Every structure is written in C-alpha cells, then in structure tokens.
Protein chains: 2
Amino acid sequence: MSENANDPRIVRTMHMLREALLALMEEQGFERITVKDITSKAGLNRGTFYLHYADKFDLLERITEEMMQGLRQIAQTFDPLDLVMHESRDTPFPFTVRLFEYFGEHARFFSVMLGPKGDPAFSVKFKEFMQVHLMDKFNEFHHSEDYVPVPWDYLMAYLISAHLGIVQYWLEQGRDYTPWDMALMFTRMTQLSPIQSAGLKK
Amino acid sequence: MSENANDPRIVRTMHMLREALLALMEEQGFERITVKDITSKAGLNRGTFYLHYADKFDLLERITEEMMQGLRQIAQTFDPLDLVMHESRDTPFPFTVRLFEYFGEHARFFSVMLGPKGDPAFSVKFKEFMQVHLMDKFNEFHHSEDYVPVPWDYLMAYLISAHLGIVQYWLEQGRDYTPWDMALMFTRMTQLSPIQSAGLKK
DNA sequence: TCATTAATCAACACGAAGTTTATTTTAGGA
DNA sequence: TCCTAAAATAAACTTCGTGTTGATTAATGA
C-alpha cells in the first residue's frame with residue numbers, strides 16, 4: 001500500500017480502478033466481481049491493484065468514505081434558521097437542493113450503491129447521515145411526555161426511509177426533475193399527509 | 001440437483017442448509033460466505049450441497065422465492081373493501097396485521113435480508129410486492145389530469161420506501177410492538193402528515 | 001540527466017469451487 | 001426382517017482467483 005503521494009501515476013491508477021469498479025457494479029453487482037475483473041477492465045496489471053488497495057472491499061470502502069466526506073461537508077453549511085424560514089412556505093430548503101446537486105454530480109456512484117446491485121450497508125450509512133444531519137434538528141420539538149399518534153423513533157424511521165426512497169427513485173428515473181424540484185417535493189411531503197400529497201383531499 | 005421427493009433425508013438436509021445460510025448471513029453477510037462454511041455449519045458434507053443447489057446464490061434464491069410465495073398467498077386474502085371500511089377510522093387493516101404476523105413468523109429471514117448484511121435486490125422485490133398488492137389498489141383514485149402537489153409515481157416511491165423502513169426498523173428493534181400496533185401506525189401515518197404524526201399540529 | 005518509484009511481468013503457495021467415482025447409510029415397501 | 005433404491009459421505013481431481021514476491025521496465029520531477 002502506497003502513501004498518498006502527488007505522483008500523477010498514482011492518481012491516474014486509483015481513478016481508473018475506481019471507475020472500473022463502478023462500471024462492473026452496474027453490470028454484475030459487487031458480489032461477482034473479482035480483482036482480476038477490475039484490473040482488466042481498467043487495463044492495468046493485477047499486481048498494481050495490490051499496490052494501492054488490500055482487496056476489493058478496501059477499494060469500495062475508500063470510494064464510499066470519499067462520498068460520505070462530501071456529504072458531511074455539505075451538511076456543515078446547513079443553517080437551522082432555514083427550517084424556520086421555510087416552515088410554512090411552499091419553497092425548498094437550500095440545503096436539500098445542494099444535496100440533490102451532489103447526488104447528481106456523483107449519480108454513477110449513488111445510483112449503483114443505492115440500487116439493487118449495491119451495498120445495503122451503504123444505505124444504512126446514508127440513513128445515519130440523514131438521521132444526524134436532518135432529523136436530529138427536529139428533536140427540540142419532541143417532548144416524550146406528550147401523547148403522539150406514532151412513536152417518535154418510528155416516525156424518524158418512516159421519514160428517513162421515505163426520503164431515501166425518493167432519492168433512489170429519482171436516480172433510477174435518470175434524474176427527470178431538477179434538484180430544486182426534488183427539494184420542494186421533500187418540503188411538501190413533510191407538511192402534507194400522503195393523501196393530501198396525492199391531491200385527494202383539501 | 002434432485003427432484004423434490006418426499007424423502008425425509010432430503011427435507012432434513014435442505015432445511016439444515018437453509019438454516020445454516022441464515023445463521024451465517026447474520027454473522028458475516030452473504031458475500032463472505034463459502035459453500036464450505038454453509039455445509040460445515042450444517043454438519044453436512046460439502047458434496048451434499050451440490051446434490052441440491054447449484055451454488056450459494058441458488059440456495060438464497062430458493063429461500064427467497066418461498067418467502068415471496070408466502071407473501072403472495074396473504075395478498076390473495078386482501079379485500080379492497082377493507083380500504084373503504086377503515087378509511088377514516090383509527091383502526092388497522094386486517095391485511096396489514098396479517099403481513100406483520102408473517103414477518104414475525106419469519107423474522108430471522110426478513111431481518112437478515114432487509115438488514116445491512118442483506119441483499120438489496122430483495123428490498124426491490126419486496127417493494128414491487130407492495131407496489132402491486134398495496135399501492136396499485138389506490139390507482140383508481142388517481143387522475144393524471146388533476147393538479148397534484150407531488151407526482152403520483154414519486155408519492156408511491158415515498159410511501160413504499162417509508163413502509164419498508166418501518167418494517168426494517170421494527171425487525172431491528174426486536175419487534176417491540178405487536179403486528180396490530182404496527183398496522184395501526186401504517187394507517188395513521190397514511191392519513192396524517194408527518195408533522196401531525198409527531199403530534200406537533202392539530 | 002539521473003535517482004526514485006510506480007507499473008509490469010512471471011512465478012508461487014493457498015484455498016474454495018465444482019465435478020466425479022466409489023462407498024456407506026438410510027428409508028420404506030415386499 | 002430383508003432388500004433395493006436413493007441419499008449422504010469420503011476422497012480425489014481440475015480449475016480459478018487470491019495475495020505475495022522478486023526482477024525488470026517505464027515514468028516522474030528535481
């Protein structure tokens with residue numbers, strides 16, 4: 001395993017291995033892929049792979065960590081004031097718009113990883129991210145002593161999974177709406193009941 | 001590969017292989033499991049495995065198909081009249097209750113397959129099931145010419161993923177509520193907005 | 001230009017896959 | 001109870017991918 005030098009050969013090699021892995025995951029899913037597959041798709045020697053990564057799991061982890069890092073960076077720009085400002089208006093959170101832009105920029109990765117050939121552990125990572133950076137901001141509104149129609153933790157699981165589903169579907173459909181449109185959908189679906197969202201009531 | 005005889009030896013062997021696979025999936029996830037692992041956990045000869053299954057994928061597929069068959073059978077008992085009868089009442093659909101009972105009976109399988117060590121393709125299968133047997137029943141209410149706050153297909157993706165998330169969370173938590181409770185949550189969350197479900201409004 | 005280091009190439013031991021053949025064990029009817 | 005068909009075992013075997021090593025070639029950048 002090499003140090004993270006600025007050697008352009010290293011950068012180029014690692015990039016080609018990453019691209020090859022994503023391409024193969026789209027075709028076969030992670031399970032069936034061998035290191036031999038990856039290197040031959042990348043046009044590199046098999047031995048070269050082991051100069052940079054321990055195994056295919058390691059490679060996937062590094063890519064994943066990079067993407068999660070990007071998400072965390074966006075999350076830092078999140079201003080809780082947005083929640084108040086957009087509360088009752090029919091406008092999307094800028095933060096959510098930025099997230100969808102990021103998904104779009106890395107559509108290849110998210111599409112594969114959140115799709116049927118992907119890694120369910122990544123969905124979990126992604127849900128944890130939403131829990132920490134989106135849902136926990138609402139915790140101040142939650143008082144356990146009050147009666148609630150649905151337990152708080154189940155409501156969180158419901159919302160997080162619903163939002164994940166929207167992202168997945170959007171990527172599956174080839175991103176047929178703009179990030180702005182998608183963020184607006186999020187706002188509406190949070191404020192309306194499913195029946196209202198469908199336009200069946202009120 | 002053998003025919004589906006009633007030979008008790010076959011039944012016993014196949015059952016042991018299935019149980020061993022599920023146990024191993026809980027520990028390691030499907031990816032890392034070898035046929036050797038499965039047979040040694042089952043206390044069987046490795047060659048015996050190949051008398052019944054082509055490979056570990058085949059084994060998993062057969063288990064999955066059996067579970068999906070069980071779901072389809074429950075779906076047949078579904079009476080659309082229930083939807084009308086329970087529309088504005090605070091009671092669960094008997095159909096949904098029955099589904100949660102089934103998940104509970106096969107908690108081992110669903111917990112693994114829908115969890116972080118599972119198979120994302122199974123989640124897709126499961127979503128398709130919900131789409132066909134739950135969501136499509138609402139299609140008659142949908143008129144594409146009307147204005148709707150959220151596109152119909154995105155709303156479906158939202159609801160299906162949300163419901164899947166609830167099932168996943170329930171299994172993760174060790175089924176801390178009864179199937180009846182869970183079905184009631186479904187009803188409430190469909191009729192209320194997330195904000196109302198949280199008890200923050202009205 | 002030259003020292004450094006990445007990438008290639010070939011060889012290696014190892015382990016699991018999947019197959020085959022012979023042998024032992026088991027089920028269940030005569 | 002005995003006997004036969006078939007399932008399970010055991011042991012070999014080939015094939016393939018893994019991860020490592022050592023020698024060689026090619027690219028980088030000071």
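Residue numbering restarts at 1 for every chain, and letters A, B, ... go by the order of the sequence lines. Here the structure is a predicted model, which means the values were calculated and not measured.
The nearest whole Å value for the distance from the CZ atom in A:F49 to the C1' atom in D:dG17 is 13 Å. Between A:L59 atom CG and D:dT18 atom C1' the separation is 16 Å, expressed in whole Å. The OH atom of A:Y50 sits 19 Å away from the P atom of C:dA6 (whole-angstrom rounding). The CD-P distance, from B:E31 to C:dA17, rounds to 12 Å in whole Å. Distance A:D7 CG to C:dA6 P: 6 Å, rounded to the nearest Å. Protein atom OH of A:Y53 is 11 Å distant from nucleotide atom P of C:dA7, rounded to whole Å. Rounded to an integer number of Å, the gap from NZ of B:K41 to P of C:dA16 is 16 Å. Put simply, CG on B:N45 is 13 Å from C1' on C:dG18, counting in whole angstrom units.
Looking at the side chain of A:D55, the nearest of the listed nucleotides C:dA16, C:dG28, D:dG19 is D:dG19. Listed nucleotides C:dT19, C:dA16, D:dG19 differ in distance to A:V35; the shortest reach to its side chain belongs to D:dG19. When the nucleotides C:dA7, C:dT25, D:dT9 are ranked by their closest atom to the side chain of B:R9, C:dT25 comes out on top.
A:H52 has no side-chain polar atom (N or O) that falls below the 4.0 Å cut-off from OP1 or OP2 of C:dA6. In this model, the phosphate group of D:dA7 is not approached by any side-chain N or O of B:T13 to a distance below 4.0 Å at OP1 or OP2.
One side chain, A:T178 or A:D181, offers a donor N or O that lies under 3.5 Å from an acceptor on the other. In this structure, a donor-acceptor pair under 3.5 Å is present between the side chains of A:Y154 and B:D176.
Atom CZ of A:R108 is surrounded by more than 12 heavy atoms from other residues, nucleotides or ligands within 6.0 Å.
Geometric assessment of A:R18 against the ring of A:F109 yields a negative cation-pi assignment under the 6.0 Å and 45° thresholds.
Taken from CE in A:M25 to CD1 in A:I38, the straight-line distance is 10.0 Å, to the nearest 0.5 Å.
Among the atoms of the strands shown, base atoms are found under 4.0 Å from some heavy atom of A:T48.
Checked by distance alone, A:R46 brings a side-chain donor or acceptor within 3.5 Å of a matching partner on the base of D:dG19.
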